Amino acid sequence: MPQLIDGKKISAKIKDELKETVQKLKDDGVSICLAVIQVGDDPASSIYVNNKKKACAYVGIESLAYELPEETTQRELVDLVEKLNTDDRVNGILVQLPLPGHIDADAVIRAISPDKDVDGFHPESVGRLCIGEEGFVSCTPAGIIQLLKRSGIEIAGKECLVIGRSNIVGKPMSILLLRENGTVTVAHSRTKNLKEVARRADILVAAIGKPKFITSDYIKDGAVVIDVGMHRNAENKLCGDVDFENVKDKVSAITPVPGGVGPMTIAMLMYNCVRAAMK
Ligand code: GUN
């Protein structure tokens with residue numbers, strides 16, 4: 001059996017560490033507040049938003065919930081973001097994605113003050129990450145770096161493959177692995193000979209969006225596999241982008257789904273909120 005990278009345990013430890021920091025900040029008269037905005041009532045988004053509120057309560061961060069109707073206009077949403085930008089009580093602003101089709105998500109993200117951009121999606125945050133300046137980092141890839149580090153997995157000098165090039169996961173993931181001195185390749189839907197490319201990887205991050213896509217013929221013996229996927233199969237059971245049963249005897253370490261990458265995203269959001277307050 002390979003090493004199971006336990007995201008539930010590692011995220012709980014991070015939240016406990018943050019809880020202590022938040023208490024110390026409170027003792028010094030600094031309180032932390034996250035504004036969470038949801039437009040419409042997409043059930044998956046409601047679950048994510050609820051989990052974010054629960055994590056805030058656990059760590060000791062106040063959360064302000066804005067539940068706006070589906071018909072909210074882009075102007076109304078940007079007006080709310082701008083009001084929160086200048087509200088000194090609010091340290092972090094999170095607009096839950098996806099937004100309804102009539103709203104340009106990029107325009108809304110650009111409206112968030114980079115000082116309160118706890119999702120790390122603002123172009124200024126992304127630019128800072130690219131040139132190695134301090135700034136907020138997208139939570140899922142930041143969480144994956146924590147999973148690797150806290151599991152004692154060395155990144156420097158390793159062949160790292162990121163499959164997927166989204167702005168939220170694939171692109172920031174590749175830059176973070178580079179920052180940790182990995183030798184990084186990014187593969188995507190137009191990559192030729194993906195199996196061959198994947199079999200070179202010491203660390204493989206799968207952010208493809210296709211259930212059980214990665215089987216043992218994509219894996220180098222002893223590789224570390226990080227599974228960002230989250231899907232429900234026909235029996236309503238959760239699975240990832242990696243066929244866990246098929247690869248488990250070939251890898252040295254792997255994240256399960258659920259209980260791997262998923263819980264880390266919220267822990268790193270809490271981390272970003274604490275950093276926003278300490279600025
Ligand atoms: N929707 C799915 N994941 C995320 C996330 O990390 N942040 C936001 N704002 N929306 C999301």
Side-chain angles (χ1 to χ4, degrees), residues 3-36 47-65 89-94 114-121 125 128-129 132-156 168-169 172-173 175-177 179-182 203 205 224 226-228 230 253-279:
Q3 176 187 355
L4 266 190
I5 302 175
D6 189 342
K8 246 172 120 170
K9 196 162 139 194
I10 295 171
S11 65
K13 173 114 196 328
I14 290 173
K15 283 189 279 183
D16 283 337
E17 290 166 8
L18 291 170
K19 192 174 179 167
E20 267 186 40
T21 309
V22 169
Q23 189 53 52
K24 284 193 192 123
L25 285 169
K26 275 190 186 156
D27 294 343
D28 293 337
V30 180
S31 58
I32 311 182
C33 175
L34 170 68
V36 182
I47 293 171
Y48 284 132
V49 165
N50 242 329
N51 288 339
K52 287 169 188 178
K53 287 192 254 180
K54 269 195 232 160
C56 280
Y58 181 79
V59 171
I61 296 173
E62 187 192 349
S63 61
L64 298 176
R89 276 181 322 151
V90 173
N91 308 98
I93 302 169
L94 182 147
D115 290 334
K116 300 189 178 186
D117 175 37
V118 286
D119 256 332
F121 296 166
S125 304
R128 284 176 176 271
L129 172 64
E133 273 186 10
E134 279 271 306
F136 293 110
V137 179
S138 180
C139 301
T140 301
I144 291 170
I145 295 292
Q146 286 302 309
L147 282 180
L148 292 169
K149 286 191 168 174
R150 289 173 185 246
S151 303
I153 294 162
E154 176 86 28
I155 303 168
I168 292 181
V169 181
M173 186 75 256
I175 311 252
L176 284 174
L177 289 164
R179 196 161 87 176
E180 298 295 332
N181 301 307
I203 298 174
V205 179
V224 172
I226 304 291
D227 190 350
V228 185
M230 179 71 86
I254 185 166
T255 57
V257 176
V261 173
M264 295 301 291
T265 302
I266 291 187
M268 298 316 289
L269 173 67
M270 298 299 104
Y271 173 80
N272 281 347
C273 291
V274 172
R275 268 194 53 201
M278 287 167 88
K279 268 189 169 187

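Bear in mind that the values here come from a model prediction, so they are computed numbers and not experimental data.
Atom-to-atom distance recorded for Lys9:NZ and Leu4:CG is 11.0 Å, nearest 0.5 angstrom. For the atom pair NZ of Lys116 and CG of Leu34, the computed distance is 11.0 Å after rounding to the nearest 0.5 Å. Asn51 contributes atom CG, which lies 11.5 Å from atom CG of Leu269 (distance to the nearest 0.5 angstrom). Interatomic distance, Ile266 CD1 to Lys54 NZ, rounded to the nearest 0.5 Å: 9.0 Å. One finds the CD1 atom of Ile144 at 11.5 Å from the CD atom of Gln146 (value rounded to the nearest 0.5 Å). Taking CG of Leu94 as the start and SG of Cys56 as the end, the distance is 9.0 Å to the nearest 0.5 Å.
Considering all non-hydrogen atoms of both residues, Leu147 and Gly7 come closest at CD2-CA, 3.8 Å. Between Val137 and Ala142, the closest heavy-atom pair is CG1-CB, 4.0 Å. Taking both residues in full, the closest heavy atoms of Val261 and Asp227 are given as CG2-O, 3.4 Å, listed atom of the first, atom of the second, then distance. Looking at every heavy atom in both residues, Val118 comes nearest to Cys139 through O-SG, 3.7 Å. Across all non-hydrogen atoms, the minimal contact from Lys53 to Ala65 is NZ-CB, 3.8 Å. The two residues Ala276 and Asn91 make their nearest non-hydrogen contact at CB-O, 3.6 Å.
Annotation: side chain of Asp115 is not in contact with side chain of Asp117 (no heavy-atom distance under 4.5 Å). In this structure, the side chains of Val274 and Met270 stay at 4.5 Å or more apart for every pair of heavy atoms. Between Pro172 and Thr140 there is no side-chain heavy-atom pair separated by less than 4.5 Å. Residues Ile32 and Met278 are not in side-chain contact: their nearest non-hydrogen atoms beyond the backbone lie 4.5 Å or more apart. Arg179 is listed as a side-chain neighbour of Leu129, based on a closest heavy-atom distance under 4.5 Å. Under the 4.5 Å side-chain criterion, counting only non-hydrogen atoms from C-beta, Asp16 is in contact with Tyr58. The shortest side-chain heavy-atom distance between Ser151 and Gln3 falls under the 4.5 Å cut-off.
For Phe121, the CZ atom counts as densely surrounded, since its 6.0 Å shell holds more than 12 non-hydrogen atoms of other residues, nucleotides or ligands.
With respect to Leu176, the side chain to side chain contact (heavy atoms under 4.5 Å, CB included) criterion is satisfied by exactly one of Ile145, Leu148, Ile155: Ile145.
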Could you walk me through whether Met173 and Ile226 pass the side-chain contact (heavy atoms from CB on, under 4.5 Å) check? CA-CA 11 Å; Met173 186 75 256; Ile226 304 291; over 6 Å; no
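Distance alone, capped at 3.5 Å, places no donor-acceptor pair between the Ser125 side chain and the Gly135 backbone.
Ionic pairing of Lys279 and Glu134 is not present here: no N-O contact between side-chain nitrogen and carboxylate oxygen is shorter than 4.0 angstrom.
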